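Ligands are counted one by one from 1 in listed order, and the atoms in each one are counted from 1 as well. Here, residue 1 is the first one in the sequence, and each next residue gets the next number. Keep in mind that this is a model prediction, so the values were computed, not measured.
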Amino acid sequence: MSSAHTHVVPASPSWYCSQVLDCSPAGIACYGAKNTVFVWDVERDPPVCLAHFSAHQDRVVGLSLSPSTNQLQCCTAGEDGRVRVWNIEDGSMLKEHNIHAEKPTCVQWSPLVSDLIISGDDRGTVVLWWTETDQQRSLLPENAHIFCLACSPHDPNLLAIGYRTGAVVIIDMSKKTQMTVQRLKGHDEEIHSICWCPVPGEIIRKNLVESDKTLETSKTLTFFFPAENEKDPTPTTGCLLATGSRDRTIRVWSFTRGRPVHVMKLPTNTGYSRGRYDDQSKNRAWVTILWLKNEPYKLLSSSFNGELIQWDLSQPKPQWKLFTAGDKALGHNRIVFNMAAGGSDSKILVSSSMDRNIVTWDLDTLKSKRSIPTLGGFVYCMAHSPFQPGCVALGVGDNMIRIWKTDHPDNSLSIQSHWQGIRSKVTALAWHPKKEGKLAYGTDDGRVGIMDTLSHKSPLISSSYHKHTVYVVAWGPVCSEEAESDSLALFSCGDGAVLQHLPWNLEKEASNIAPIIAKANNVQGKMPGRSEISWKPDLSVVALGNEDGSIDVYQGKTLLHLASIQVHHKLVNCVRWHPAFTAQSPGGSPFTHWLASGSNEAVISVVNLAAVFEKHEKEGSKSAASVITESYVQLEGHTNRITSLSWSSHQDGLLASASYDGSSEIWDAKSNRGVANFRTDHGRFLCVAFSDVDPDLVYLGGDRASLFVWRPSEQRHKMPPAGRFM
Ligand code: M7G
């Protein structure tokens, strides 16, 4: 569990898993994302994230809530081979086993045997685990990759298993040999989902009357068989079950006879226009199904391009209805992986999709209620818009930039995604300081682009790129001998080089600033590789962080060398100038010449360059560069590399840091004191920013695909965790 936080933009639920999302009658929705479990209250409007905890070494691929309503527990299966039981209130692990020799693929908590948890793996092994006695038993009904599992809600021994091959097998778990009791033949591709009908019996009458819809009376409902000549079996004999497959069909089966009673093809041309119809999406189908407990003649399924469908099985030829957008949310626009129903009367549906939104739906109206944006990669960088207070841009490893208006009443639900033209992890961001909506970005494949966030147009991309990751983009005055333009240039840093791109002419090759620096300062020989660029807020000088741990400060435009700071010994990851004005010092901060820096070492340094600027002012361009070997203060406490720093724009001398030690710290640099520490039990942090509107709010991103928002005033800890090396 993490220390107190006010908000989180969560990681996306795992893709291509048959069940990694579940929802309780109390409206508690849980899902697995990367190696974390997130717990949400979806009955609240808007939904609220209650907790998250690290659950496995590797990806969580299966999750199922305890059917017992007085226990807030879930079980998970992870690609680390383990199956675990959790108390979801405090994120504590209660039990585990590691019987699977291969990678588990799915897990389910038996609805009838309160301590039985069943998991399947990619070699076909089914493990039964009675948690109370900690007994396990392995079965191998079929030597094939298991995609999904479903325990019968009527017979504690029956288990339906769906395979990658398209096979569907129903076994009697109480038997050691000859356990297969039925084999359902028909699908020829992956079985994505299996559901048993919540009521027993194999026939539904067509002339269903309204008052029969309750669960009690529905036990006597009978399902309709098309073209059926045989005598009706007694209504409660056997049971129906449904399967959804990659072959784009859903089949409803009579269990006793092993034959389908309905075969439904996913409808095309539904008029649903939200999908991204590209070649890839045509080939992709994921068919997840859900049989509603209190409406047993209705089956829900996903379909193409994010469509969700309700099928009416009481008709000889099942009719379908499409879920549609509500007032406050749209539906999905890419394939849907999982659905779960919960809340009082099971009236809320929760769905997860490749579009990285979790959508809640009203099952009475089939309309979407809320859409919760999620993140599918590291949060590498973030930047506050200089024009719109409270607006933050996030650069994420899922090839998307998010623009979050944090002061929107619906808060994180108001995040916009920009994906057009990006195609790679977003590792650097910078807002243009003078032009609204202009956002520069850099990617891990070396590209530099500029997007207009006020439109959804494709970004402009520079013709020059780095060979590897772009770690920094920054706007500053054009630096060249004939620096005639007042417009700002875009600088990017990667491969140890800083390139200067001219945004009005991105076709033109960007210039490497190394030769300009060499010429301006008469340097012969090699200069250090560059790792960071930071312009002073008034754009008068620039600090360049170097791979050898030094930092050089140059005058803007001329690139005259003003100072060399030698306080770190390893690659400099971040350099930040203190703001010129803060809410505390609106007439000008006394610390405006402070420069904070962090490197691959754990110590943060703050130097004061006031004397350097004074000297330069007096002596002019002929003065030699100053050499600074001592920090004004050294902030010590982190135990691993410092990736990001941010000064408060509210209070003078308050600095936030993010570290690989899995924590984020607030420092009072004036008194060299730690003020507050935020930590989680998982992940390394990569970027941090003080809120520009709320003095007691900090945004923090890292390698677990989540963004945390936390309040320094609410933390128990004052200093980073001691001796933690992640
Ligand atoms: P990485 O290159 O993904 O991995 O860097 P590695 O250095 O662990 O092999 C991880 C994080 O370290 C990045 O997201 C940055 O926060 C920081 N970082 C690493 N490098 C090499 C640089 C660099 O050259 N410049 C800056 N500014 N940050 C870096």
(request) Identify the protein heavy atom lying closest to atom 1 (P) of ligand 1, giving its residue, its atom name and the separation to 0.1 Å. (result) Y471 OH, 3.7 Å
(request) May I ask you to decide whether R576 forms a salt bridge with E532, counting only side-chain N to carboxylate O separations under 4.0 Å? (result) yes
(request) State whether any protein heavy atom lies less than 4.0 Å from atom 9 (O) of ligand 1. (result) no
(request) Give the ring-plane orientation class for F678 versus F685, where under 30° counts as parallel, over 60° as perpendicular and anything between as tilted. (result) tilted
(request) Do me a favour and list the nearest non-hydrogen protein atom to atom 14 (O) of ligand 1 with residue, atom name and distance? (result) L686 CD2, 3.7 Å
(request) For Y660, take its heavy atoms, then give the atoms of ligand 1 lying under 4.0 Å from any of them. (result) 8 (O), 10 (C), 11 (C)
(message) Contact between V61 and V20 at the side-chain level, heavy atoms closer than 4.5 Å - yes or no?
(response) no
(message) Starting from atom 25 (N) of ligand 1, what is the nearest protein heavy atom, named by residue and atom, and what distance separates them?
(response) S531 O, 2.6 Å
(message) Name the residue from S463, S492, S511 that meets the side chain to side chain donor-acceptor pair (under 3.5 Å) definition with H501.
(response) S492
(request) Please confirm whether R530 comes under 4.0 Å of ligand 1, counting heavy atoms of the residue only. (result) no
(message) Quick check on the 6.0 Å ring-centre criterion: do F690 and H650 meet it?
(response) no
(request) Would you please indicate if the ring centroids of F708 and H52 are separated by under 6.0 Å? (result) yes
(request) Answer yes or no for T469: is there a heavy-atom contact with ligand 1 below 4.0 Å? (result) no
(message) Would R641 count as a polar contact of ligand 1, with the cut-off being nitrogen or oxygen pairs under 3.5 Å?
(response) yes
(message) Y699 vs W404, test: ring pair (Phe, Tyr, Trp, His ring centres under 6.0 Å). Steps then yes/no.
(response) CA-CA 12 Å; Y699 295 84; W404 180 11; 5.7 Å; yes
(message) For atom 17 (C) of ligand 1, what is the closest protein heavy atom, and at what distance to 0.1 Å?
(response) N573 OD1, 3.4 Å
